[in-house]
Amino acid sequence: MKYEKIQAPKGVSEYAPPLSAAFEWVRESLIAPAKLAGYQLMELPVFEDTSLFSRGVGESTDVVSKEMYTFEDRGGRSITLRPEGTAGVMRAVIEKGLDRGQLPVKVWYSGAFFRAERPQAGRYRQFYQVGIEAIGLDDPAIDAEVIAIADQGFKSLGLKNYRLEITSLGDAQSRAAHRVDLLKFISKLDLDEATATRAAINPLRLFDDKRPEMKAAMAGAPLLLDYLSEESAENFKAVKGYLDQLGIQYIVNPRMVRGLDYYTGTTFEFIHEGLGAQSGIGGGGRYDGLMEILGGQALSGIGFGLGVDRALLAAQAEGVLVENQFSSDLFIIPLGESQKSASLTIAAKLRGAGIRTEIAFGDRALKGAMKAADKSGSRFVIVLGDSELASGSVELKRMSDGSTRSVKIDQLQSVLFEDI
RNA sequence: GUGGGCGUAGCUCAGCUGGUAGAGCACUCGGUUGUGGUCCGAGAUGUCGCGGGUUCGAGCCCCGUCGCUCACCCCA
């Protein structure tokens with residue numbers, strides 16, 4: 001009876017050895033600067049009540065209107081696999097009452113996110129992001145810090161060929177003023193139905209249209225950056241000043257539109273050339289009304305999400321991935337049943353002392369076991385046979401030069417410590 | 001959702017104008033007793049993505065379908 005193979009669902013990103021080590025390195029490197037800055041872990045469910053995203057992320061976004069994995073659970077509730085991280089963090093902060101404590105609330109997260117799109121290079125249906133949120137503080141300095149933390153993450157991977165684009169979406173007053181003129185401008189355009197619908201919900205979204213005819217049509221559109229209130233303009237200027245001071249290069253892109261509706265004020269994107277069509281490796285911004293519309297206090301926040309999969313692709317494209325494969329310190333080759341049993345005890349003890357130890361299982365011939373030891377990259381090998389068990393000492397072989405020395409089994413630990 | 005490219009061994013691929021499958025790498029074993037890397041030898045592994053059609057005969061041609069991939073849209 002032959003069974004059919006079962007494949008992974010379409011478009012998921014997954015990492016098996018040896019690439020998984022690189023993935024882990026990228027993920028941990030990206031979030032390390034946030035931990036150093038006092039952000040604490042928020043571990044959240046991957047599924048949420050659907051209305052969290054429809055209300056929080058925005059009905060006009062593609063993410064909500066056509067890319068969500070939504071299903072009904074056994075209790076008849078509408079559930080959605082999280083397409084992004086911020087809304088879930090807000091929900092949890094409100095639910096746990098963290099916003100009632102000391103502000104800002106500074107948290108980080110890491111995990112899988114889901115969007116039902118056609119897969120493509122760097123775009124998956126299940127993908128990985130790390131992110132941070134700083135909630136409850138309106139200060140351009142924290143905007144700059146959040147951007148700097150993201151930038152530091154990418155820099156720590158050794159990435160160079162990326163750029164940071166920033167803009168400001170202003171406060172409610174700025175957007176209202178701009179919206180009037182923008183709608184006036186748009187009303188003169190000849191839009192197809194889908195675009196008109198999107199424009200009606202969020203006219204800014206038209207700046208996001210990549211079609212040449214739309215780009216041309218929008219070329220003369222009024223820019224939000226020119227409508228910033230005095231306060232918003234001051235804020236944006238301050239953010240830029242802090243970034244200058246930190247030596248972080250950026251490009252002001254007044255036409256930038258984020259894919260999620262909740263952004264206000266400072267917004268930013270990190271873009272890497274060399275990934276193919278999907279060039280965004282991270283982005284984020286401030287969100288003034290989000291917490292309130294999710295039923296919490298009217299606190300502002302700022303955060304980012306960084307694409308782990310894309311950062312890994314970027315690191316590969318730039319050739320900065322470090323070889324990071326596991327290799328053990330000691331490889332034990334037992335030659336019989338009682339030796340195998342003894343090697344389990346020896347290995348357990350050594351591992352308890354932090355020495356990376358592997359055992360050649362499977363009763364292979366010695367030559368084959370030595371080959372396996374060699375390929376594993378282990379630094380030392382011992383062969384455990386009758387005479388070794390009887391005498392209590394083994395020949396400790398250093399694989400790099402083939403040299404051996406006689407060592408008592410109960411002294412392996414201290415000898416290996418000196419040599420590692 | 002729309003379009004292009006591609007599906008042959010674990011991997012990378014070859015396979016002529018149709019004549020019922022191959023290489024390299026990897027893997028296992030061996031090259032006299034219990035010591036790796038090199039070398040030599042041997043071996044295992046494929047419903048040629050799947051279904052149908054044309055044909056005496058299909059990996060190759062035709063249709064369909066599924067999958068992968070790249071791009072559009074959009075985004076991390």
Side-chain angles (χ1 to χ4, degrees), chain A residues 2 4-13 16 26-27 30 57 60-67 82-86 110-131 150 154 162 192 194-195 198 205 208-212 214 256-260 269-272 275-284 304-314 331-336 339 360 362 364-388 394-404:
Chain A
K2 174 141 189 195
E4 241 178 81
K5 281 183 193 166
I6 298 172
Q7 292 181 294
K10 186 185 184 75
V12 299
S13 72
V26 169
R27 187 184 59 197
L30 286 179
V57 176
S60 78
T61 63
D62 279 17
V63 168
V64 169
S65 63
K66 55 183 208 192
E67 294 171 1
R82 60 181 182 186
E84 59 96 53
T86 304
S110 168
F113 296 85
F114 308 84
R115 291 183 199 173
E117 305 174 88
R118 284 286 285 269
Q120 184 177 332
R123 190 175 70 188
Y124 310 100
R125 292 185 166 188
Q126 173 172 339
F127 58 98
Y128 294 88
Q129 279 191 11
V130 299
F154 291 128
Y162 68 90
D192 61 83
T195 311
R198 291 211 304 169
R205 204 147 282 293
D208 209 16
D209 205 308
K210 305 287 197 305
R211 290 173 295 182
M214 277 305 299
M256 178 169 74
V257 179
R258 304 279 306 152
L260 312 176
E269 273 180 3
F270 289 88
I271 295 160
H272 194 280
L275 296 191
Q278 307 307 319
S279 53
I281 53 176
F304 63 64
L306 310 182
V308 181
D309 310 277
R310 288 188 187 172
L312 175 58
L313 289 173
F331 204 93
I332 304 175
I333 301 175
L335 291 178
Q339 288 83 359
R364 308 172 78 180
L366 177 58
K367 178 168 174 163
M370 280 302 296
K371 275 194 178 185
D374 184 42
K375 280 173 194 147
S376 81
S378 190
R379 274 185 273 232
F380 294 91
V381 171
I382 59 172
V383 175
L384 207 58
D386 287 332
S387 58
E388 284 82 3
V394 293
E395 291 297 309
L396 181 67
K397 179 168 184 168
R398 186 201 306 273
M399 294 300 273
S400 57
D401 59 6
S403 66
T404 63

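Chain letters run A, B, ... following the sequence lines, proteins first, then strands; residues in each count from 1. Bear in mind the structure is a predicted one, so any value in this text is a computation, not a measurement.
- With sequence neighbours excluded, the residues that form a salt bridge (charged side-chain N to carboxylate O under 4.0 Å, His left out) with K66(A) are D62(A).
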Interface polar pairs with nucleotides 4-12 of chain B, N/O, under 3.5 angstrom:
none

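- Every residue was checked against the side-chain hydrogen bond (donor to acceptor under 3.5 Å, both in side chains) condition with E67(A), not counting sequence neighbours, and none meets it.
- Evaluation of the side-chain contact (heavy atoms from CB on, under 4.5 Å) rule for S403(A) yields R398(A), D401(A) as partners, not counting sequence neighbours.
- Contact annotation for E388(A): base contact, defined as any heavy-atom pair under 4.0 Å involving a base atom.
- Take S279(A) and apply the side-chain hydrogen bond (donor to acceptor under 3.5 Å, both in side chains) test, not counting sequence neighbours, and it matches no residue.
- For A16(A), the side-chain contact (heavy atoms from CB on, under 4.5 Å) test picks out no residue, with sequence neighbours left out.
- By the side-chain contact (heavy atoms from CB on, under 4.5 Å) test, S13(A) is found to be paired with Y15(A), Y124(A), Y128(A), D309(A), residues two or more places apart in sequence or in another chain being considered.
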Nucleotide N/O of nucleotides 24-27 of chain B paired with protein N/O under 3.5 Å:
unit_1, atom_1, unit_2, atom_2, d
C27(B), OP1, K375(A), NZ, 3.0

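- Residues that satisfy the side-chain contact (heavy atoms from CB on, under 4.5 Å) test with S387(A), not counting sequence neighbours, are absent from this structure.
- For a distance-only test at 3.5 Å, the side chain of E269(A) fails to qualify as a donor-acceptor partner of the base of A76(B).
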Between the protein and nucleotides 37-39 of chain B, list every N/O to N/O distance that falls short of 3.5 Å.
unit_1, atom_1, unit_2, atom_2, d
G37(B), O4', D374(A), OD2, 3.1

- request: Both distances under 3.5 Å, Watson-Crick or G-U wobble: on that basis, could you give the dot-bracket string for RNA chain B, with [ ] for crossing pairs and | for other-strand partners?
  value: (((((((..((((.....[..)))).(((((.......))))).....(((((..]....))))))))))))....
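- For the pair L313(A) CG and A76(B) C1', the interatomic distance rounds to 11 Å; values are reported in whole Å.
- Under the ring-ring contact (aromatic ring centres under 6.0 Å, His included) criterion, F154(A) pairs with Y162(A), F270(A), sequence neighbours left out.
- Positionally, the nearest nucleotide of RNA chain B for A8(A) lies more toward the 5' end than for the other of A8(A) and R310(A).
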